[in-house]
Amino acid sequence: MTDSAQQTGGAAGSGADAPPYRYTAALAADIERRWQDRWEEQGTFRAPNPVGPLAPAPGSAEADRLTRPKKYVIDMFPYPSGAGLHVGHPLGYIATDCLTRFQRMAGFNVLHAMGFDAFGLPAEQYAVQTGQHPRKTTEENIDRYRGQMRRLGLAYDDRRSFATTDPEFVRWTQWIFLQIYNSWYDAEQHRARPIGELVEQFASGARPTPDGRPWAQLSETERAGVLDGHRLAYRSEAPVNWCPGLGTVLANEEVTPDGRSERGNFPVFRRDLAQWMMRITAYADRLLDDLDTLEWPEPVKMMQRNWIGRSHGARVAFDVAEHAESITVFTTRPDTLFGATYMVLAPEHDLVTAITPASWPADTPAAWTGGAADPATAVADYRRAAATKSELERQENKDKTGVFTGAYAINPVNGARIPIFIADYVLAGYGTGAIMAVPAHDHRDFAFARAYGLPMRCVVAPDDGRGDDPASWDDAFVSGTAAVVNSTGDGVSLDGLAVPEAKKRIADWLAAHGHGEATTTYKLRDWLFSRQRYWGEPFPVVYDEQGLAHPLPAEALPVELPEVDDFSPVTFDADDADSSPAPPLAKATDWVHVTLDLGDGPKRYRRETNTMPNWAGSCWYELRYLDPTNADAPVDPANEQYWMGPRDATDPGGVDLYVGGVEHAVLHLLYARFWHKVLHDLGYVDSAEPFRRLINQGYVQAYAYTDERGFYVPAEQVESTDDGYVYDGRPVEREYGKMGKSLKNVVTPDEMCDAYGADTFRVYEMSMGPLEASRPWETRAVVGSFRFLQRVWRSLVDEQTGQPRVADIAIDDDTRRLLHRTIDGVTTETAELRFNTAIAKLIELTNKLVQVSADGAPREIAEPLVLMVAPFAPHVAEQLWQLLGHDDSLAYQPFPVADPQWLTAPSVVYPVQVNGKVRGRIEVAPDAAADVVEAAALAEEKVAAALAGRTPRKVIVVPGRMVSVVL
RNA sequence: GCCCCGGUAGACCAACGGCAGAGUCAAUGGUCUCAAACACCAUCCAGUGUGGGUUCGAAUCCCACCCGGGGCACCA
């Protein structure tokens, strides 16, 4: 496992007697440094904007670029961690860089930029430990990232880079927050509108207030409360995910299914706390439906669909027998209402206590009571047991448990008395927290009914031959298409209807009789937007003495973080569910208490001390690249329209290509879509979606090795022997996974640049496989890409003198055909991001070039080869281009175009199959008619022998491909 | 349990339904070298996870199963 570069002291190709101009790591480093400097000096990759500070001077080269079609291609920007980049991180960056370099040459105006998602926990935790300000840590890390990226030759527009922590960026993040705060969702028009328009509706009486009083009679506090019920950003006292171990609350998306924090894996508790929320649920339908307009990987779309979790069904109200209460259930199968034989409430359901009677009804089966003497005890015991069960235990144990409440409900369609249970298989947080149980047609209800001896009633006729007696079934019969039976009651009959029609009829009946209505529920919940952290965007909000929130005016932005001595929130024992959040900003009392004039004279106010979650900046950064220096708006509409606007009526617009890891499938991508849609509704952006096309790059994974004690050993020092893997003379176990410090298997791009140069590293990463595929890192294989570039170099440059050895040497037709086939293939493959096959074709052409270049390289091959290599190995390509006699950078040289004349061969060899086996080959003209080919095939010696005089039943000629003879 | 993605040479990966190999690493032999490394030349290497089906013809399309990776998981 020792790699060759290390054996030679760190730099490949170097040797005491190497020719002075051999392409070695040292020469590559020299070339790379030189071209990186030149690109920077000349602003080579600056993309012109239509308007604003980045608009080109008339008549400049950039002005010409504006006339071309555009491409906007970015990667998910990184959080700059203290560890720097390892070889896995830049996979996507290199891919978009190769693509955009190609697109520039192919005639597009290309916007390619990179920034930093720089708020976040690690810098803050470091600050807590060391006292170093997170800004300082962050800036140091960003500098390091910038250095590493520059060294890879990534061609970004340097004017468009920023960090989300930059005060100018924070200013617009806060500004967008205020736009969201000052908006409401008009469910009739399906779009966000300014809150002022809602106020007008209330004031004019066009929209009644919640309690019917005229708007003018409401107090200021009451009005604020009403409006908070509509604002897209609002404060609410609601159950939130409180994580004592992190000292902050978390969004639902940041909590794992087993109830722990995604970061840190600490326990999370539900607590009622006043927090900022984002009304993302208002956009549930559009976030779901618009997925269809996006070119995204299907798994990502599916994860978002699952997360939004829309389901259509009905709410049905069941009266409780001998009670004034009624219980509303949500069901997706209202057509099976006649099959409901019991009801289940979540243990936490509000009405449980109210409906539980003092004693068990007569004839209550012992199994239903949980062994308790009375229902109240049974319910209390069960609730306690359910509460102490962890989410994980609930999941692992799928056996249905529950207990009878002693109460009965009345089925509205037939008046049947059905027992009401509580059971933890019904979740408090979904639907209404109550279900009607239809054991014959639901797997879960079936299992519960079997366990507790509850009756079943078949109301959908099985069409799989199992018969219509549920007692004889092994499981529920679930069908969305079969016919409904046994469903005639109080003025309604569903018998004979197929399930979809039955759903509709019963919904109409329920609505007409006041028992319910068709409805839609979602798993998606509003987005918790407060964090008790220091290193985040402050909210641009203050509170007056009554506690009413006041947004700050745009001129007051950005609200900057105060300097503090202590960056830590008060953290608690990770299991201390009773603790309460205390944000670090609350300690900055001079900052918190301010005197402001918000229009009615100077008054005392208190600042919001929570900060925004670190998703805020990434919700809109793709817009800021478009107009990074705009001081009047997040982005000028003309610039947004040019780079991201919809292409046609069906196109949502957005970034032309977005590359990043699948781990952001729900969180970042859902939040960013939400903000974008709000900005779209309010008229700030033309595009309806932020990211038109998305590709998830694979992971670069690596082997890690553990010794007999289970400790990781440095992977680079492990050797592979016939007896297995050995470290320091002792056998070690190999495992495969992520690259990371703790696994001691990190390889950095800097090491690869030292050993081979950035161009080699780029070519290697791109030739490892398709972008979407994960692949194992193998340092020793990098040398293959190095050899390729070395062959290109050696063919075109004299290793002794450094002079070009290119000449106007004639090439034969076969070579010329290979050249044009390569151009054709590389163009297609590169445009489609199939870089591995594009590079393979370039290697093939290079190998041919080596063969024909004994006395010098034919210019006819050399020039297009250099241009085609350029997207992948830009530095060496620039150097060669210059040696070929060109003064300008090749960044905007037209990509070679294949001549169709040389794409067809002078003759075609057809394999001839007889009964599926290849028996011979014939060579004919490429445009030979089918009957000519057939005649030639049948006449071929070996084919004729195989035929042995028999007449073929059938002869198939596939033009250009093959001949198949069937006997 | 359900849903995705993937199984092709020792490894990574190619192959519009048409001769399984474009390319890379490794291995083996050679050239160069005092020797090695680098470099170069040459050679070796699989019938495509398994079983069916469709077809003149299947790695490719269909069905079932096995293995690996990922996602969801009592969502009514």
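Lettering of chains follows the sequences in order, A, B, ..., and the numbering in each one begins at 1.
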Comparing nearest nucleotides in RNA chain B, the 5'-proximal residue of the pair A:M768, A:M962 is A:M768
Nearest-nucleotide 5' precedence on RNA chain B, A:Q913 against A:G309: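 This one resolves to A:Q913.
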Heavy atoms under 4.0 Å, any strand shown: does A:A781 hit a base, just sugar-phosphate, or nothing?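 Here A:A781 touches the backbone only, sparing every base.
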Name the nucleic acid region contacted by A:S774, choosing base, sugar-phosphate or nothing; use a 4.0 angstrom heavy-atom cut-off, strictly under. sugar-phosphate
From the options [options], select the nucleotide whose nearest atom is closest to the side chain of [X].
X      : options             : value
A:T837 : B:A76, B:A22, B:C74 : B:A22
A:N847 : B:U24, B:C56, B:C19 : B:U24
A:D424 : B:A76, B:C19, B:C74 : B:C74
A:S311 : B:C25, B:C13, B:A76 : B:A76
A:P770 : B:A76, B:A39, B:A14 : B:A14

P gap between B:G10 and B:C67, integer Å: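 These two P atoms come out 23 Å apart once rounded.
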Can you check the distance between B:U43 and B:U60, where both ends of the measurement are the C1' atom (answer in whole Å)? 31 Å
Looking at [X], I'd like to know whether one of its side-chain N or O atoms comes within less than 4.0 Å of OP1 or OP2 on [N].
X      : N     : result
A:R787 : B:C25 : yes
A:R791 : B:U24 : yes
A:N836 : B:A14 : yes
A:S767 : B:C13 : no
A:K841 : B:A22 : no
A:R961 : B:C19 : no

Rounded to the nearest angstrom, tell me the gap between atom CD in A:E298 and atom C1' in B:C2. 16 Å
Which one is paired to [N], where only Watson-Crick or G-U wobble pairs with both distances under 3.5 angstrom count?
N     : value
B:G23 : B:C12
B:A39 : B:U31
B:G47 : none
B:G18 : B:C56
B:G68 : B:C5

Ionic contact status for A:R817 with A:D814, cut-off 4.0 Å: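 Salt bridge: yes.
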Please determine whether the number of non-hydrogen atoms from other residues, nucleotides or ligands lying under 6.0 Å from atom CG of A:D292 exceeds 12.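 Correct, the count exceeds 12.
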Aromatic contact, A:F788 with A:W793 (centres under 6.0 Å): no
So, applying side chain to side chain donor-acceptor pair (under 3.5 Å) with A:E799, which one of A:R805, A:R22, A:Q790 is it? A:R22
Identify the residue among A:Y764, A:F835, A:F761 that makes a ring pair (Phe, Tyr, Trp, His ring centres under 6.0 Å) with A:F872. A:F835
